[in-house]
Number of protein chains: 2
Amino acid sequence: MSKRRPATPKCCSDLTAAINPRFFKALCDPTRVAILVRLATCGRPCTVSEVANGCPIDVSVVSRHLAQLRDAGMAAGERRGKEVYYAVRFSAIASTLRHLADAIDACCPPTWSKPKRN
Amino acid sequence: MSKRRPATPKCCSDLTAAINPRFFKALCDPTRVAILVRLATCGRPCTVSEVANGCPIDVSVVSRHLAQLRDAGMAAGERRGKEVYYAVRFSAIASTLRHLADAIDACCPPTWSKPKRN
DNA sequence: CTATCATTTGCACAAGGACGCAAATGAGCA
DNA sequence: TGCTCATTTGCGTCCTTGTGCAAATGATAG
């Protein structure tokens, strides 16, 4: 008599809300990921020039990538004088990922129902 | 006398390894995400036609998206007769996300060092 | 104010990805 | 074997996005 599972479990609407396109789009491009890792590896906030230094791509492109990471909530930019220091928002990224992981778990039925043959 | 943090913390190489481009590329496209959510909402393995039914896009496109989700490790496809049943790999997705979240945390220094002025 | 440096933005071009249609493949059935 | 249905794949097109160069903006020093 106890209902097993609603036809459309409410968890999945949460799932849609948990998937922020801008967030994952930011992780699509290998160059952008490399920039993010480089920023994380640095261990402290870095300027655009510092990040671009040694990279084969133009500074303007690095600036755009950093802005995109900022808009995605994965980095924070702070201007100090002429320079802008970017830092990885570690906890924000981790919490976003864990939030989605929880939403996924909530969507997963404990026992996977056998598909009915039609 | 105790060292605070190595110049290049080993955690960040883990970070690079934890970010699978194919995984996040799969979540870039809104249509693909919608298909994933639809598959999750269904609550059971669905055929390509079932997923495509009611969608404004062509079946072939849905098939391609599902294949991409499969290659990304987010879905599993199993052929039964003429049809192929796709299912969301909930635990695989969740564990991938949590693994990355852990790698991010490991990369984050407890006390964020003040940026040195150059 | 002018000069200089760091960063951002406008613009044009190239590369990559999504899409639809048609053809090919896989699998069951008469 | 021939037919039908479900899925996949090839191909051309369109749209998005990454990229470099040049110009504009922001900010400090002289």
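A, B, ... follow the sequence lines: proteins, then strands. Residue 1 opens every chain.
A:Arg70 places no side-chain N or O within 3.5 Å of a backbone atom of A:Ala75 that could act as its donor or acceptor partner. Using a distance-only test at 3.5 Å, with no hydrogens or angles considered, a donor-acceptor pair links the side chain of B:Arg32 to the main chain of B:Ala26.
Nucleic acid contact class of B:Val84 (heavy atoms, under 4.0 Å, all strands): sugar-phosphate only. Within the 4.0 angstrom heavy-atom criterion, base atoms lie near A:Arg64. At a threshold of 4.0 angstrom between heavy atoms, the contacts of B:Pro30 with the nucleic acid are absent.
Rounding to whole angstrom units, CG of residue A:Asp58 and C1' of D:dA22 are separated by 10 Å. At whole-Å resolution of the value, CG in B:Asp71 and C1' in D:dT8 are 13 Å apart. Atom CD in B:Glu83 sits about 7 Å away from atom C1' in D:dA6, given to the nearest Å. At whole-Å resolution of the value, CZ in A:Arg79 and P in D:dT25 are 14 Å apart. Across the protein-nucleic acid pair, B:Leu66 atom CG and D:dT8 atom P stand 7 Å apart, rounded to whole Å. D:dT9 atom P lies 12 Å from atom CD of B:Gln68, rounded to whole Å. Here the P atom of nucleotide C:dT8 and the CD atom of A:Glu78 are 13 Å apart, to the nearest Å. Distance CG (A:Asp29) to P (C:dA15): 15 Å, rounded to an integer number of Å.
Residue B:His65 has no polar side-chain atom (N or O) positioned under 4.0 Å from OP1 or OP2 of C:dG17. Of the side-chain N and O atoms in B:Thr47, one or more sit less than 4.0 angstrom from OP1 or OP2 of D:dT7. Contact annotation: A:Tyr86 side-chain N/O to C:dT8 OP1/OP2 distance is under 4.0 Å.
DNA chain D is contacted by both A:Arg32 and A:Lys82; A:Arg32 maps to the nucleotide lying nearer its 5′ end (nearest heavy atom per residue). DNA chain D is contacted by both B:Val61 and A:Val59; B:Val61 maps to the nucleotide lying nearer its 5′ end (nearest heavy atom per residue).
Below the 3.5 angstrom threshold, one finds a donor paired with an acceptor across the side chain of A:Ser60 and the base of D:dC21. No donor-acceptor contact under 3.5 Å links the side chain of B:Thr31 to the base of C:dC19.
Looking at the side chain of A:Lys25, the nearest of the listed nucleotides D:dA6, C:dG20, D:dT17 is D:dT17.
Ion pairing between A:Glu50 and A:Arg44 holds under the 4.0 Å rule for side-chain N and carboxylate O. A salt bridge links A:Arg98 with B:Asp102: the distance from a Lys NZ or Arg NE/NH1/NH2 to an Asp or Glu carboxylate oxygen falls below 4.0 Å.
Rounding to the nearest 0.5 Å gives a distance of 12.0 Å between CG of B:Leu69 and CZ of B:Arg89.
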